[in-house]
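The structure appears below as structure tokens.
Residue numbers count from 1 along this sequence. Keep in mind that the numbers below use all heavy atoms, side chains included, and drop hydrogens, waters and symmetry copies.
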Amino acid sequence: MRKLTLTAAAFASLFGAALATPALAVPASPTAIAAPAAMTTDVRMSPMERRMMHRRMERRMMHRHMERRMMRRHMERRMMRHGM
């Protein structure tokens with residue numbers, strides 16, 4: 001059992017050393033990290049798209065607001081019923 005554990009530990013240390021990457025594997029300049037020009041495109045929205053997006057965001061925010069209000073009222077009513 002001891003021999004098996006020792007063998008497993010030795011194998012793990014050798015295997016781990018083989019997989020370790022050197023510290024100098026980092027690119028030398030930030031330009032090496034930048035995405036290719038084909039992947040980066042300007043996103044232009046028409047005023048109509050922007051307005052629709054804004055309205056959708058407002059609706060979602062209002063929905064969350066109303067949901068919070070309803071939950072708060074519900075909890076207050078429960079506490080009133082239980083005499084807290």
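The environment of M57 atom CE is dense: over 12 non-hydrogen atoms of other residues, nucleotides or ligands sit within 6.0 angstrom.
Considering R56, H54, R60, M62 in turn, H54 is the only one that fulfils the side-chain contact (heavy atoms from CB on, under 4.5 Å) rule with E58. Of the options R55, M48, R50, a side-chain contact (heavy atoms from CB on, under 4.5 Å) to M52 is made by M48 and by none of the others. Partner E76 forms a side-chain contact (heavy atoms from CB on, under 4.5 Å) with one of H74, R78, R72 and no other, that one being R72.
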- Message: Apply side chain to side chain contact (heavy atoms under 4.5 Å, CB included) to residues M70 and M66 and explain how you reach the verdict.
- Response: CA-CA 6 Å; M70 286 191 309; M66 294 303 285; 5.5 Å; no

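Across all non-hydrogen atoms, the minimal contact from R44 to E49 is O-OE1, 4.1 Å.
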